[in-house]
Amino acid sequence: MDKLRTVRGVNDLLAENLNNHNFVINKGLNISKKYCYSQIDTPIFEFSEIFTKPLGKTSDIVTKENYTFEDRSGDLLMLRPEGTSGVVRAFLNAGLTQDIPQRFSYFGPMFRYERPQKGRLRQFHQFGVELLGISSSMGDLEVISLANNFLKSLKLDNKIELKINSLGDTDSRLNYRKILVDYLNDFKKELSEDSIKRLKENPLRILDSKNPSDQAILIKAPDVLNYLNEFSKDRFEEVCDGLDSLNIDYKIDKNLVRGLDYYCHTAFEFITDQLGAQGTVLAGGRYDGLSEMLGGIQMPGVGWAAGIERLALMINANYKNNPDLVLIGLSEKFNLDLLQMIDRLIKDGIKTEILYTGNVSKKLKRANKINAQFAIIIGEDEISQNIVNLKNLKTGFQQVMKLGDAINEIKSLLNINSE
RNA sequence: GCGGGUGUAGCUCAGUUGGUUAGAGCGCGGGUUUGUGGUACCUGAGGUCGCCGGUUCGAAGCCGGUCACUCGCCCCA
């Protein structure tokens with residue numbers, strides 16, 4: 001380490017950015033609380049299998065993008081690359097299978113060893129929700145409705161569109177997989193290198209390839225939706241009809257596939273064109289097999305996760321942290337008096353900062369810079385008469401009065417209600 | 001992991017074909033103002049030109065490597 005810096009793909013969050021993040025998180029928590037989702041917090045690392053089992057052996061997240069390490073007792077651990085597996089694990093651990101449905105919301109850092117880009121970091125943050133124990137399409141519709149209202153509350157609904165698809169149940173999926181592989185095998189020579197590899201490992205992923213020659217081949221490829229069995233097809237129709245009656249706009253994208261193995265039936269992504277290659281801002285789907293993959297009982301689930309960084313890039317939460325009031329002493333010997341005064345001021349809900357150093361002129365300059373509304377200035381005279389000099393920094397008007405009167409004046413002018 | 005672009009002061013950026021002591025604006029410090037801010041004027045500090053090596057009498061500028069950011073691919077939120 002020759003210079004002070006963070007490791008690659010990992011950022012500090014300074015006031016303004018953090019404010020945007022918190023804005024996104026708070027909107028998410030608020031709206032999910034109204035849908036009766038309880039917040040849950042799970043560890044940021046788990047035994048590796050918690051992720052490797054459900055995510056699938058061929059997913060990049062498991063094969064090359066994880067942060068894995070052995071701890072001192074020799075256990076193989078992984079920094080979580082996503083949130084769902086941990087939440088389901090916690091749900092199983094807590095024995096909540098006896099009390100379904102369960103609704104969870106969560107947020108926190110996730111870790112993937114990827115090539116960093118804007119909106120794609122190695123430590124990044126997700127906000128997500130999971131609904132466990134509801135197998136009908138109503139579950140899918142509920143979480144999509146929640147997502148839609150979440151994005152609306154961020155005023156992003158006009159910049160983002162919803163794409164959905166269905167992967168069908170296991171039977172449909174395996175059947176379609178066979179048909180797709182048969183079709184693609186005829187074009188093997190024209191497929192991209194990546195896609196040839198995926199033909200064996202995870203052929204469905206070829207569907208969302210951006211390679212032009214792949215795309216040309218895909219135009220005539222068999223359509224997943226035509227190969228769903230009766231049950232899966234009906235289920236997908238229920239979801240589409242449901243979205244119609246909820247007035248949620250969507251586009252069916254037959255090439256939309258989720259990257260992780262545990263998904264089935266409904267898959268959806270909310271996508272923007274404003275973030276370049278990182279356009280997926282919120283994505284999710286149904287994962288009825290996940291619980292069993294972890295060794296639990298059969299337990300249907302559906303949920304989504306949103307990229308907090310990506311959403312934060314699209315909003316501007318108007319960061320403000322200016323004091324209502326600054327306290328100024330004529331010299332440093334009044335600083336302790338000011339510190340005593342703060343007890344009372346914060347009880348009245350007044351955001352107060354003490355300016356400790358410099359002469360009065362410097363302190364007022366500083367007060368301007370941090371955009372304070374009022375200043376209380378004290379010196380020998382004020383102390384001896386038990387009064388303060390209250391100055392309105394916007395108008396320049398100032399007068400001496402009792403501290404209690406000053407507090408009332410500030411509160412009434414700034415509309416502050418004490419708590 | 002692959003391909004392209006960028007990297008000069010705290011910030012935004014100039015810097016000609018390789019040529020003396022690398023500049024501007026904003027910001028920051030001090031002063032005009034020892035109990036009163038915003039404006040104005042004066043003034044000062046701040047740079048290993050991302051890092052390492054090479055070419056050259058001489059490199060911020062050229063060459064190689066490397067690190068970081070960024071765009072696309074990949075992956076995905």
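Here is the naming used below: chain letters follow the sequence lines, and residue numbers restart at 1 for every chain.
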By the Watson-Crick or G-U definition, both distances under 3.5 Å, B:U66 is matched with B:G50
Residues passing the side-chain contact (heavy atoms from CB on, under 4.5 Å) test with A:Asn66, sequence neighbours excluded, are A:Thr68, A:Met78
Taken in chain and number order and not counting sequence neighbours, the residues that satisfy side chain to side chain donor-acceptor pair (under 3.5 Å) with A:Ser135 are none
Under 3.5 Å, which donor-acceptor pairs link side chains of residues 321-331 of chain A to any protein atom two or more places apart or in another chain?
| unit_1 | atom_1 | unit_2 | atom_2 | d |
| --- | --- | --- | --- | --- |
| A:Asn322 | ND2 | A:Asn371 | O | 2.9 |
| A:Asp324 | OD2 | A:Lys351 | N | 2.8 |
| A:Ser331 | OG | A:Lys333 | N | 3.4 |

Please tabulate, one pair per line, each protein N/O and nucleotide N/O from nucleotides 32-37 of chain B that are separated by under 3.5 Å, including the distance.
| unit_1 | atom_1 | unit_2 | atom_2 | d |
| --- | --- | --- | --- | --- |
| B:G35 | O6 | A:Asp381 | OD2 | 2.9 |
| B:G35 | N1 | A:Glu382 | OE1 | 3.3 |
| B:G35 | N1 | A:Glu382 | OE2 | 3.1 |
| B:G35 | N2 | A:Glu382 | OE2 | 3.0 |
| B:G35 | N2 | A:Asn389 | ND2 | 3.3 |
| B:U36 | O2 | A:Lys391 | NZ | 2.8 |
| B:U36 | O2 | A:Gln398 | OE1 | 3.1 |
| B:U36 | N3 | A:Gln398 | OE1 | 3.0 |
| B:U36 | N3 | A:Gln398 | NE2 | 3.2 |
| B:U36 | O4 | A:Asn389 | ND2 | 2.9 |
| B:U36 | O4 | A:Gln398 | NE2 | 3.3 |
| B:G37 | O2' | A:Asn368 | ND2 | 2.4 |
| B:G37 | N1 | A:Leu393 | O | 2.6 |
| B:G37 | N2 | A:Asn368 | OD1 | 2.5 |
| B:G37 | N2 | A:Leu393 | O | 2.7 |
| B:G37 | N3 | A:Asn368 | OD1 | 3.0 |
| B:G37 | N3 | A:Asn368 | ND2 | 2.9 |

A:Lys210 meets the salt bridge (charged side-chain N to carboxylate O under 4.0 Å, His left out) criterion, sequence neighbours left out, with none
Taken in chain and number order and not counting sequence neighbours, the residues that satisfy side-chain contact (heavy atoms from CB on, under 4.5 Å) with A:Glu238 are A:Ser137
Hits for ring-ring contact (aromatic ring centres under 6.0 Å, His included) against A:Phe91, two or more places apart or cross-chain, chain-then-number order -> none
Residue set satisfying side-chain contact (heavy atoms from CB on, under 4.5 Å) with A:Phe47, at least two apart, ordered chain then number -> A:Glu49, A:Ile50, A:Asp75, A:Leu77
With sequence neighbours left out, the residues meeting ring-ring contact (aromatic ring centres under 6.0 Å, His included) with A:Tyr356 are none
Ordered by number, residues from residues 148-166 of chain A within less than 4.0 Å of RNA chain B (heavy atoms) are none
Hits for side-chain contact (heavy atoms from CB on, under 4.5 Å) against A:Met314, two or more places apart or cross-chain, chain-then-number order -> A:Leu156, A:Lys159, A:Ile160, A:Thr272, A:Gln274, A:Leu275, A:Val281
Taken to the nearest whole Å, CD1/A:Ile25 to P/B:A77 is 18 Å
**Study point:** Phosphate-side-chain proximity, A:Lys369 and B:G27, N/O vs OP1/OP2 below 4.0 Å
**Key:** no
Polar-atom pairs under 3.5 Å, protein N or O versus N or O of nucleotides 65-71 of chain B: list them with distances, or write none.
| unit_1 | atom_1 | unit_2 | atom_2 | d |
| --- | --- | --- | --- | --- |
| B:C69 | OP1 | A:Gly9 | N | 3.0 |
| B:C69 | OP2 | A:Arg8 | NE | 3.2 |
| B:C71 | OP2 | A:Lys118 | N | 3.0 |

